[in-house]
Engineer: 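Provided herewith is a single structure, encoded as structure tokens, for subsequent inquiry.
All chains are named by letter (A, B, ...) in the order of the sequence lines, taking the proteins before the strands, and each is independently numbered beginning at 1.
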Amino acid sequence: MSQQKIAAPKGVSEYTPPRSSAFDHVRNCLIAPASKAGYQLIELPVFEDTELFKRGVGESTDVVSKEMYTFEDRGGRSITLRPEGTAGVMRSVIEHGLDRGQLPVKVWYSGQFFRAERPQAGRYRQFYQVGIEAIGLDDPAIDAEVIAIADAGFKALGLKQYRLELTSLGDAQSRTAHKVDLLKFIATLQLDEATAARAAINPLRLFDDKRDEMKKAMADAPLLVNYLSDSSREHFETVTKYLDALGISYQLNPRMVRGLDYYTGTTFEFVHDLLGAQSGIGGGGRYDGLMEQLGGQSLSGIGFGLGVDRALLAAEAEGVIGQEAFVSDLFIIPLGEGAKLQALTLAHDLRCKGVRVEIAFGDRALKGAMKGADKSGATYVIVLGESEISSGTVELKEMKSGASTSVKIDSLFEALNK
RNA sequence: GUGGACGUAGCUCAGCUGGUAGAGCACCCGGUUGUGGUCCGGGAUGUCGCGGGUUCGAGCCCCGUCGUUCACCCCA
């Protein structure tokens, strides 16, 4: 009697061989530029005190108000599976006093994040992000560096059909001034109930509405970029100047909306053309008040999060990624019980020297084992049976050409490295 | 959370106006004793997502449920 099968929880993505190799490749490409720029790994818990996200990300955001996996642990604490990375990094930096040393603090992370949304293509309840944070410096040059690092990751992957959208959300004064006028403007519009509710939570959201009539209605709405304070405008102009110098193309998008409350100043998004509705493959920006909000000193920071799942989808859509299975250098086919023992020790020995070795286990017939060797893509094959063991010599067969040469078992390593 | 489409072997799918399931690929075995890729022969495989209903009879009809997918919403 077979037991009932258990399925994975709804909306999670799983990467099994051979696609897992492509996933791994994407993740490595995306984060490699960060370590070249001196960012160091920070490894954090996937669950945190719920309060961290309420205070850090903002209670009014959709992410916090309706998409968090929150539960009570056995000690009665409210715990939440992390929905994003920045808040946790800030918490850890403050907790361990990383900001007491030389600034900026530069870290990178990689891992799973969780959001209880309705799944669809490119949107999962557990998803993977890599990201970096540079904390403690206001210099526009670091804004440009952070953006350049993200862009380098996508380029390293081979992506072409994406664009960088850029804007500035300004400082607190800029936003306050703009909000007054925006609310006045919105008051003149006829909004349905759901839209009005969204506007009440965050009036900027209306800029993001996909309906044509709303786009038309918002065409003349006051734009935040026109309300930037002198220092904000100057900072942003310097960032774009640096990006120009770096040869990184971007589109100014004054209507960009970000879903997390902590963003200020320079804000950006990477959007891919072939992905459908969930087209954002990465995004980030500056966050001036976050650290203080979380009980730390008043330092600003900037960072990004890149979606590994979506970058993989994008790479597949562009056809710039393949799946590579593990390929061994040597495939050993043991014949008989005694040979199996020999194969085991021989493989172990060669692996210690760095050779990739696989063994055909399971007492398959020679023909079947050869077939297996062929499919594995192994470069060389040896058959290990009675005669080979007693003579101490094997036939080293190169699969591609089919040619084989006699080699002493003791000098296999040397023969393989010729 | 809202709306639409879909759910048949490991994979891609077929299954006529309802009569108790098929193809290709993949997999396994063999084509004379210990050497793969082609070819030939043979073989295994499904509670037709799950539960209920209509019917003499349902993979095909109805309801529910779970899942996937597309859009809204949101965002990576």
Side-chain angles (χ1 to χ4, degrees), chain A residues 1-2 4-13 16 26-27 30 57 61-67 82-86 110-131 150 154 192 194-195 197-198 201-202 205 208-211 214 256-260 263 269-272 275-284 304-314 331 333-336 339 360 362 364-378 380-388 394-404:
Chain A
M1 266 317 210
S2 69
Q4 203 171 18
K5 287 178 187 164
I6 298 171
K10 180 185 174 112
V12 302
S13 59
T16 52
V26 170
R27 186 167 49 188
L30 293 185
V57 179
T61 62
D62 281 26
V63 169
V64 171
S65 66
K66 49 191 193 195
E67 295 172 1
R82 61 182 182 185
E84 61 92 55
T86 304
S110 166
Q112 293 93 325
F113 297 86
F114 308 86
R115 254 118 95 162
E117 299 179 273
R118 182 92 168 250
Q120 82 185 64
R123 184 166 79 184
Y124 308 109
R125 293 187 165 183
Q126 170 177 293
F127 57 98
Y128 293 80
Q129 263 184 252
V130 299
F154 291 129
D192 59 85
T195 312
R198 265 192 292 144
I201 294 168
N202 181 359
R205 287 278 175 76
D208 210 23
D209 203 303
K210 284 171 186 162
R211 293 170 298 182
M214 275 306 294
M256 187 197 302
V257 181
R258 304 249 66 210
L260 311 179
Y263 286 117
E269 246 172 45
F270 290 87
V271 182
H272 198 271
L275 248 34
Q278 308 303 322
S279 57
I281 52 176
F304 63 65
L306 310 182
V308 182
D309 313 83
R310 287 186 190 173
L312 172 59
L313 255 20
F331 197 98
I333 300 174
L335 296 177
R364 297 178 78 184
L366 180 56
K367 183 169 176 169
M370 278 305 291
K371 230 174 175 171
D374 183 41
K375 288 200 177 111
S376 80
Y380 293 99
V381 174
I382 59 170
V383 173
L384 207 56
E386 301 274 328
S387 61
E388 284 81 4
V394 293
E395 288 296 310
L396 182 63
K397 178 167 181 175
E398 189 191 8
M399 290 303 273
K400 205 171 171 188
S401 65
S404 62

Engineer: Would you classify A:Glu388 as touching base, sugar-phosphate or nothing, given that sugar-phosphate means primed atoms plus P, OP1 and OP2, and contacts are heavy atoms under 4.0 Å?
Structural biologist: base
Engineer: Tell whether A:Arg310 reaches the base of B:C75 with its side chain through a donor-acceptor pair below 3.5 angstrom.
Structural biologist: yes
Engineer: Which is true for A:Ser387 with a 4.0 Å heavy-atom rule: it touches a base, it touches only sugar-phosphate, or it touches nothing?
Structural biologist: base
Engineer: If the condition is side chain to side chain contact (heavy atoms under 4.5 Å, CB included), which residues does A:Ala403 pass it with, not counting sequence neighbours?
Structural biologist: A:Ser401
Engineer: Does the ring of A:Tyr128 meet both stacking tests against the six-membered base ring of B:A76: centre distance under 5.5 Å and plane angle under 30°?
Structural biologist: no
Engineer: Among B:G36, B:G67, B:C74, which nucleotide has an atom closest to any side-chain atom of A:Lys10?
Structural biologist: B:G67
Engineer: A:Arg118 has a side chain; which of B:U2, B:C74, B:G34 sits nearest to it?
Structural biologist: B:U2
Engineer: Measuring to OP1 and OP2 of B:C29, would you say a side-chain N or O of A:Lys367 lies under 4.0 angstrom away?
Structural biologist: no
Engineer: Which nucleotide, B:C72, B:G36, B:G30, lies nearest any side-chain atom of A:Met370?
Structural biologist: B:G36
Engineer: Categorize A:Arg364 for me: base, sugar-phosphate, or nothing, with a 4.0 angstrom heavy-atom threshold over every strand shown.
Structural biologist: sugar-phosphate
Engineer: Using the side-chain heavy atoms of A:Ala277, tell me which of these nucleotides is nearest: B:A71, B:G31, B:G34.
Structural biologist: B:A71
Engineer: Of the candidate nucleotides B:A76, B:U69, B:C73, which contains the atom at the shortest distance from the side chain of A:Asp62?
Structural biologist: B:C73
Engineer: Looking at the base of B:A76, is there any donor atom on it, or on the side chain of A:Glu117, that sits under 3.5 Å from an acceptor on the other one?
Structural biologist: yes
